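This report concerns only the one structure given below.
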Amino acid sequence: MKILVTGGAGFIGSALIRQLRAGQRAEIVNVDALTYAGNPESLPGLDDDPGYRFERVDIRDRDALERVFRDHRPDAVMHLAAESHVDRSILGPGVFVDTNVVGTQVLLDVARDFWEGLDDRPDSSGLSARERFRFHHISTDEVFGDLPLDAPAFNESTPYAPSSPYAASKAASDHLVRAWHRTYGLPVVITNCSNNYGPYQFPEKLIPLMILNALAGKPLPVYGDGGQIRDWLHVDDHAEALWAVLQRGEIGGTYAIGGDAERTNLQVVEALCDALAALRPNGPGGGGNGYRDLIRFVTDRPGHDRRYAIDSRRIQHELGWRPAHSFEAGLRETIQWYIDHPEWVQRVQSGAYREWIEANYADRELRD
Ligand code: NAD
Ligand code: TYD
């Protein structure tokens, strides 16, 4: 099976590709524009892997996408490419609409044309290439908006009420994907997942930002009172869930994915400080009350959602998926990973990974 993964140089896409290639479960064509969030250094060793191909292509570029589909003829698309950071969407929403909404529409158009041209005669498996094709849209629980503290967790039938420009753009893309299924019959599956954490996450998101600041003895900026709740899932558990849905999910169906690990941001930051105190007792933030002394309460994010939580019973019961990591063990492992990979961290923080990208990928086609 050959899968066209968009956004495969990002945090979740790279975890998915590392997992699928490690198990030789699928050939991969990674379509990524390499924005600030895309880092081929998160895919170590794959350059020499014959089952892996990289295409530096922007999903808004219809001609380039058509060429990629023609050249590689994928059996499925897993669409992760997106602008993904809420704070950036507040500062500059335009690119979120461009990539997440318009980019998804262009990708849907090109995928639909390709799918309509596939052979509809059954082969030895009893199914045609057309019947086997899937378009898997990877989305977020943020489309459901702010969950009251006493409300049951989000599930597949929760109404959409996005708060941030990021969430609104992802909500729009989810609607487009469902419309392409209903109107054109494109065989789609959709997943809405809670907050991910794990190795190779860009240090603008809560957990890697706090780990790296704490290791450097810098302040840990907690927005507002730190009482906001997120439901944390290890990125490798997310990747396994995505594979299960791609393989066995109901066509046109939606699956909510979460870690059953609701924590306030302050609990997360304190747990991280305490784990660091055990792993790095002599670090620059390790004295006095340990790393907790670095915590600072700062101005809240505008429109900040108070709570997200996912009820993932559907995927658990129907597809047999379950998270393998507890939050506490996964957090310790993640901290250890950042401690053990100073070079990756240093190249991301200094911007050196961008120079490498331009040197290695400048000749590849890219819009603008
Ligand atoms: P990320 O920001 O780490 O990676 C995004 C990737 O998309 C990067 O490699 C970037 O270069 C690429 N990209 C951006 N714009 C592009 C464009 N126009 N054309 C081609 N490639 C482009 O994001 P992530 O955290 O890995 O999230 C991946 C997906 O999962 C997103 O769709 C996000 O909405 C969704 N999601 C994320 C989380 C989370 O906690 N991070 C949770 C649920 C769902
Ligand atoms: P983030 O990792 O940006 O993910 P999202 O906004 O998509 O949930 O933020 C997670 C939570 O942490 C969110 O409630 C905002 C909060 N936060 C801070 O308190 N301080 C920070 O420096 C960051 C980046 C986030």
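One-based numbering, in listed order, for ligands and for the atoms of each. Please read these numbers as outputs of a predicted model, since none were measured by experiment.
The shortest contact between atom 4 (O) of ligand 1 and any protein heavy atom is with G10 CA, 3.3 Å. In terms of protein heavy-atom proximity, atom 20 (C) of ligand 1 is closest to A33 N, 3.2 Å. Counting protein heavy atoms only, atom 31 (C) of ligand 1 is closest to L80 O, 3.2 Å. Scanning the protein for heavy atoms near atom 1 (P) of ligand 1, the closest one is S84 OG, 3.5 Å. Distance from atom 43 (C) of ligand 1 to its nearest protein heavy atom, with residue and atom name: C193 O, 3.3 Å. Of the protein's heavy atoms, Y166 OH, 2.6 Å lies nearest to atom 34 (O) of ligand 1. When hydrogens are left out, the protein atom nearest atom 8 (C) of ligand 1 is D32 OD2, 3.6 Å; that is the closest non-hydrogen contact. Of the protein's heavy atoms, F11 N, 3.0 Å lies nearest to atom 3 (O) of ligand 1.
Between Y197 and H234, a ring centre-to-centre spacing shorter than 6.0 Å is recorded. Between Y200 and W337, the distance from one ring center to the other falls under 6.0 angstrom.
Contact annotation: for S139 versus ligand 1, heavy atoms closer than 4.0 Å belong to the backbone alone. Of all the heavy atoms of I12, the ones lying under 4.0 Å from any atom of ligand 1 are found in both the backbone and the side chain. Only the side chain of K170 comes within 4.0 Å of ligand 1, counting heavy atoms alone; its backbone N, CA, C and O stay farther away. With a 4.0 Å cut-off on non-hydrogen atoms, N100 does not touch ligand 1 at all. Only the backbone of V57 comes within contact range of ligand 1, with a heavy atom under 4.0 Å; no side-chain atom does.
Shown in contact with A9 at under 4.0 Å from a heavy atom are these atoms of ligand 1, numbered in order with element: 9 (O). Of all atoms in ligand 1, numbered sequentially from 1 with element shown, those under 4.0 Å from a heavy atom of N195 are 40 (O). In summary, the atoms of ligand 1 found under 4.0 Å from a heavy atom of L34, numbered by their order in the structure, are 11 (O). Every atom of ligand 1 with a heavy atom of I138 under 4.0 Å away is listed here by number and element: 30 (O), 32 (O).
Under the 4.5 Å side-chain heavy-atom criterion for Ile, Leu, Val, Met, Phe, Trp and Tyr, M210 and L279 are members of the same hydrophobic cluster.
Note on ligand 1: T6 sits outside its first shell, no heavy atom being nearer than 4.0 Å. At least one heavy atom of S194 lies less than 4.0 angstrom from ligand 1.
The shortest N or O to N or O distance between V31 and ligand 1 is not under 3.5 Å. The shortest N/O to N/O separation between T99 and ligand 1 falls below 3.5 Å. Between D58 and ligand 1, an N or O atom pair is found at a separation short of 3.5 Å.
Ring geometry, F154 versus Y308: the interplanar angle falls from 30° to 60°, so the pair is classed tilted.
Geometrically, R21 does not engage Y52 in a cation-pi contact, judged by NZ or CZ lying under 6.0 Å from the ring centre and within 45° of the ring axis. By the 6.0 Å and 45° rule, R88 stacks over the aromatic ring of Y36.
By the neighbour-count criterion of 12 heavy atoms within 6.0 Å, atom CZ of R313 is sparsely surrounded, having that number or fewer from other residues, nucleotides or ligands.
Minimum interatomic distance between D119 and S128 (heavy atoms only, all atoms of both residues): O-CB, 3.5 Å. Minimum interatomic distance between D150 and R307 (heavy atoms only, all atoms of both residues): N-NH1, 4.3 Å.
W180 contributes no side-chain N or O that, together with a main-chain N or O of G185, makes up a donor-acceptor pair within less than 3.5 Å. Not a single donor-acceptor pair under 3.5 Å links the side chain of R121 to the backbone N or O of L127. The closest donor-acceptor contact from the side chain of Q201 to the backbone of F11 lies at 3.5 Å or more, if one exists at all.
Partners of H175 by ring pair (Phe, Tyr, Trp, His ring centres under 6.0 Å), not counting sequence neighbours, listed by chain and number: Y160.
A donor and an acceptor atom, one from each side chain of D305 and S163, are located under 3.5 Å apart.
For the atom pair CG (L220) and CZ (R296), the distance works out to 8.0 Å, reported to the nearest 0.5 Å.
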Audit row: F297, Y223, ring pair (Phe, Tyr, Trp, His ring centres under 6.0 Å) steps and yes/no: CA-CA 6 Å; F297 292 94; Y223 298 164; over 10 Å; no
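Using a 4.5 Å heavy-atom threshold, the side chains of V222 and V298 count as separate.
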Would you mind listing each N/O atom of ligand 2 next to any protein N/O under 3.5 Å, plus the distance?
{"unit_1": "ligand 2", "atom_1": "2 (O)", "unit_2": "L206", "atom_2": "N", "d": "2.8"}
{"unit_1": "ligand 2", "atom_1": "3 (O)", "unit_2": "R301", "atom_2": "NH2", "d": "3.1"}
{"unit_1": "ligand 2", "atom_1": "4 (O)", "unit_2": "N195", "atom_2": "ND2", "d": "3.4"}
{"unit_1": "ligand 2", "atom_1": "6 (O)", "unit_2": "R301", "atom_2": "NH1", "d": "2.5"}
{"unit_1": "ligand 2", "atom_1": "6 (O)", "unit_2": "R301", "atom_2": "NH2", "d": "3.3"}
{"unit_1": "ligand 2", "atom_1": "7 (O)", "unit_2": "E142", "atom_2": "OE2", "d": "2.5"}
{"unit_1": "ligand 2", "atom_1": "8 (O)", "unit_2": "N195", "atom_2": "ND2", "d": "2.9"}
{"unit_1": "ligand 2", "atom_1": "8 (O)", "unit_2": "R230", "atom_2": "NE", "d": "2.9"}
{"unit_1": "ligand 2", "atom_1": "12 (O)", "unit_2": "N265", "atom_2": "ND2", "d": "3.3"}
{"unit_1": "ligand 2", "atom_1": "14 (O)", "unit_2": "R230", "atom_2": "NH2", "d": "3.1"}
{"unit_1": "ligand 2", "atom_1": "14 (O)", "unit_2": "N265", "atom_2": "ND2", "d": "2.8"}
{"unit_1": "ligand 2", "atom_1": "14 (O)", "unit_2": "H304", "atom_2": "NE2", "d": "2.7"}
{"unit_1": "ligand 2", "atom_1": "19 (O)", "unit_2": "Y223", "atom_2": "N", "d": "2.9"}
{"unit_1": "ligand 2", "atom_1": "20 (N)", "unit_2": "P221", "atom_2": "O", "d": "2.8"}
{"unit_1": "ligand 2", "atom_1": "22 (O)", "unit_2": "P221", "atom_2": "O", "d": "3.4"}

